[in-house]
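These numbers were taken from a predicted model, which means no experiment stands behind them. Per chain, numbering begins at 1; letters A, B, ... match sequence-line order.
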There are 4 protein chains.
Amino acid sequence: MGADDQRILGEASLRGHPKHKPTRPRRVPLQGRAEETVASIIEAAAQILEKEGFAGFNTNAVARRAGVSIGSLYQYFPGKDALTVALINRENKRFYDDAAIALTRRSGRAALEYLLAAAVRRQLQRPMLARLLDLEEARPTLRGEVEKDELEGLFHEVLRRAAPKHERLDVAAADVIAIIRGMVDSAGERGETDLQSLEERLRAAVFGYLART
Amino acid sequence: MGADDQRILGEASLRGHPKHKPTRPRRVPLQGRAEETVASIIEAAAQILEKEGFAGFNTNAVARRAGVSIGSLYQYFPGKDALTVALINRENKRFYDDAAIALTRRSGRAALEYLLAAAVRRQLQRPMLARLLDLEEARPTLRGEVEKDELEGLFHEVLRRAAPKHERLDVAAADVIAIIRGMVDSAGERGETDLQSLEERLRAAVFGYLART
Amino acid sequence: MGADDQRILGEASLRGHPKHKPTRPRRVPLQGRAEETVASIIEAAAQILEKEGFAGFNTNAVARRAGVSIGSLYQYFPGKDALTVALINRENKRFYDDAAIALTRRSGRAALEYLLAAAVRRQLQRPMLARLLDLEEARPTLRGEVEKDELEGLFHEVLRRAAPKHERLDVAAADVIAIIRGMVDSAGERGETDLQSLEERLRAAVFGYLART
Amino acid sequence: MGADDQRILGEASLRGHPKHKPTRPRRVPLQGRAEETVASIIEAAAQILEKEGFAGFNTNAVARRAGVSIGSLYQYFPGKDALTVALINRENKRFYDDAAIALTRRSGRAALEYLLAAAVRRQLQRPMLARLLDLEEARPTLRGEVEKDELEGLFHEVLRRAAPKHERLDVAAADVIAIIRGMVDSAGERGETDLQSLEERLRAAVFGYLART
DNA sequence: AATGAATGAGTATTCATTCAT
DNA sequence: AATGAATGAATACTCATTCAT
């Protein structure tokens, strides 16, 4: 009933152990207006991060660009980190929605290939944003707050199909994610635009890895 | 001749075309004491980053831990970023010194294996430091200031020996570095300590990659 | 007849000559529901002040705990101060209702003793609340808004009976109130729980004071 | 060696139990300049509290009035509360320095009388300041940070001389302090200026209390 | 060369209050 | 009458950097 329930990320959850935040369809603002506000704030954060980098990424600027008061921002996000986390989650969700199509592929190999392609696609769309968010996601403070379960689950499942005999799929999933992130961010940093080539090299690394572990 | 020559990274160099800082003999112990001071400041930065994370990493704290006045710190480093860059360079140098031994190996494969082992070793020694520096190194502001040439050259050469027929060694070098960094940082984040296992998986990814590109 | 009449403390009254608020019949349960709402808000304020202290005492929190919207709170109280004042008045009223029994005592001494006992009782019941409200009541902004007349009248009357020959009863009343408040709050701060002892010391101070003035 | 050592009130000491801060001649800024700065900040705080009340009492305003940057304020005071505490301590020290003269009196009674006179004097000099500081001192957050030991010790000693046979001097000291504070603040609130009269009534209460406990 | 006191722009965050629905 | 989303002025506090001594 109180405004607190709409807060995207509770204070409690920011400290202490993950606590497995209710990954359930988290209570999103009920009234249309609020929902819009939240969305506009997150998108504003994305745009600022994209165009100004970390330097310009402060809550007041985000609120301004969102056309919202700073108070509204804090109505929905208990702090700056919560906003960052929300943005990361939005991006991950979008990636997930695309990547999940991989599961419709017949073969495990095709599924994994789709996954890699999706990763490359995502990177090339908003390269700076993707990169900076990866950076943020690695920050000790934020790690543990981000909803990775679904995404990791997806990788796990795809790898299970692509490498059924692999003995440690969780390790493999973590490694594959790490490889993708490493290569794709590095490509972004270097300004690569040839997603064809990047995709191929990524396949080389990932399939090579799987073939040898 | 003046004190300015001791500045690790000039302001000018932070903007504009970076690369190749003043190629002066670099060693030239202008004054033993100054060299010591610089070293102690850099080590203080390392320790703080390791123990307090980004949160505690500010110039005043670094100076205090180094047992030096904040004024002195700015005598040697024109700014915080310059200090960060100096620390990154120190770490890269140390890694380079170890990794360069790879070149003494007979076979290209052995050389590359040595390289990978060195990367894992480094990560496991000061995991937090290594990770945070990788993060910093990726920051748009710092990229371009860091001396990567030597290190990249080393990778290039080792790859040349390990995969003589590879057509785009520079791309391969960048990719391999990205794979290593991705996997090794990820392992660090997850608190992995079994460097044996990590090394094997790293080899799988890198050799797999090379075999397929 | 309008909603305004329910406002506990008009803005106008906060500035300008306070004293004697609109002497309207004060009771007149305009609407049972409204009265309940007001009561629940005041009690919520009391609970928060008691459990969270000044830190947690903000209008939104009060409304939330009262199970009422923030808008409703402002429907009945023109501002935070008005709410605080209403709470103080409620507590004073309760104290008054108990303390007024003093007037039924035969002797003036007994009456005064009853008064002191009542004061101690009140303090020991909700020590933190009593103390914080005393603090608030002393705030320049609020002084003058609180209904002290009745209470002071009571003290005046009791003192008149206890020390009939006293020449300046109003001064004595103020002093006695000050002594009680000082000692009782101090005891609360120090966590005293032995109300027997406190009562005795209080009597010593007050009767001593009266005997010598 | 670091700036931290000059901080008037360490962070650690603000949380957790009193910890009996080194009541020793606390490390005051060593260089003359710093000492002046600290003094000017505290005096600025006093003036603002006196003239603007709590409303205008914010760190930026204090710094401005002190003719000092906000950064300097925080160089010496880790937070607003620390500044408040420092001001309270300064005032208590001043009061102590005056009140300690009581110990030079021959009789215990005369000593106590001197103490009461000093308390009244102090109140009448800067009434608003004295009152507001008493209010602040009672705030749960600040209590325990203020150096009361000396002052309480003084009261203890004076009472020992004035009422040698009293069995619980510590309780008596606390009560007497409470009585003084209560009456004197109340007088201040009511705008009393006749310190003669106030002094007499104070004596009545205190000596009356002592005679009966 | 060294010191460390001083600076102040910058930023996160709170909370009383308003008002469209 | 009630709701609660929205507001934004106010404020505590940080930290990179400068410069007088």
Can you measure [X] atom [atom1] to [N] atom [atom2] for me and round it to whole angstrom units?
X: Q75(A); N: dT13(E); atom1: CD; atom2: C1'; value: 13 Å
X: L73(D); N: dC13(F); atom1: CG; atom2: P; value: 10 Å
X: Y74(C); N: dT17(E); atom1: OH; atom2: C1'; value: 5 Å
X: I41(D); N: dA6(E); atom1: CD1; atom2: P; value: 8 Å
X: K80(D); N: dC13(F); atom1: NZ; atom2: P; value: 9 Å
X: L83(B); N: dT17(F); atom1: CG; atom2: C1'; value: 14 Å

Check this one for me: any side-chain N or O of [X] less than 4.0 Å away from OP1 or OP2 of [N]?
X: Y76(B); N: dA2(E); result: yes
X: S72(A); N: dA5(F); result: no
X: S69(C); N: dG4(F); result: no
X: R64(C); N: dG4(F); result: no

Would you call R65(C)-E43(C) a salt bridge at under 4.0 Å N-O?
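Between E43(C) and R65(C) there is no salt bridge, as every charged N stays at least 4.0 Å from the carboxylate O atoms.
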Taking NZ, NE, NH1 and NH2 as the nitrogens, is one of them in R33(C) or E36(C) under 4.0 Å from a carboxylate oxygen of the other?
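A salt bridge is absent here (no side-chain N lies under 4.0 Å from a carboxylate O).
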Any side-chain heavy atom of [X] within less than 4.5 Å of one from [Y]?
X: E35(A); Y: V38(A); result: no
X: I88(D); Y: T84(D); result: yes
X: I70(D); Y: R64(D); result: no

Is a side-chain N or O of K80(A) found less than 3.5 angstrom from the main chain of F57(A), in a donor-acceptor match?
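Such a contact is found between K80(A) side chain and F57(A) backbone.
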When you measure from the side chain of S72(B) to the backbone N and O of Q75(B), does any donor-acceptor pair fall under 3.5 Å?
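Looks like no, no N/O pair under 3.5 Å.
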Could you check which residues of residues 46-63 of chain C get a heavy atom under 4.0 Å from DNA chain F? Sort them by number, please.
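DNA chain F contact set from residues 46-63 of chain C: none.
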5' priority, DNA chain F, between I70(D) and G71(C) [closest heavy atom]
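Going by which nucleotide is closer to the 5' end, it is G71(C).
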Counting runs of three or more consecutive pairs, Watson-Crick or G-U wobble, with each distance below 3.5 Å, where are the stems of DNA chain E?
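Stems found: E:2-21 with F:2-21.
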Per the side chain to side chain contact (heavy atoms under 4.5 Å, CB included) rule, which among L132(C), V85(C), V146(C) passes with E137(C)?
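Of the listed options, the one satisfying the test is V146(C).
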Take L87(C) and L49(C) through the test side-chain contact (heavy atoms from CB on, under 4.5 Å) and record every step on the way to the result.
CA-CA 10 Å; L87(C) 175 55; L49(C) 217 37; 4.1 Å; yes
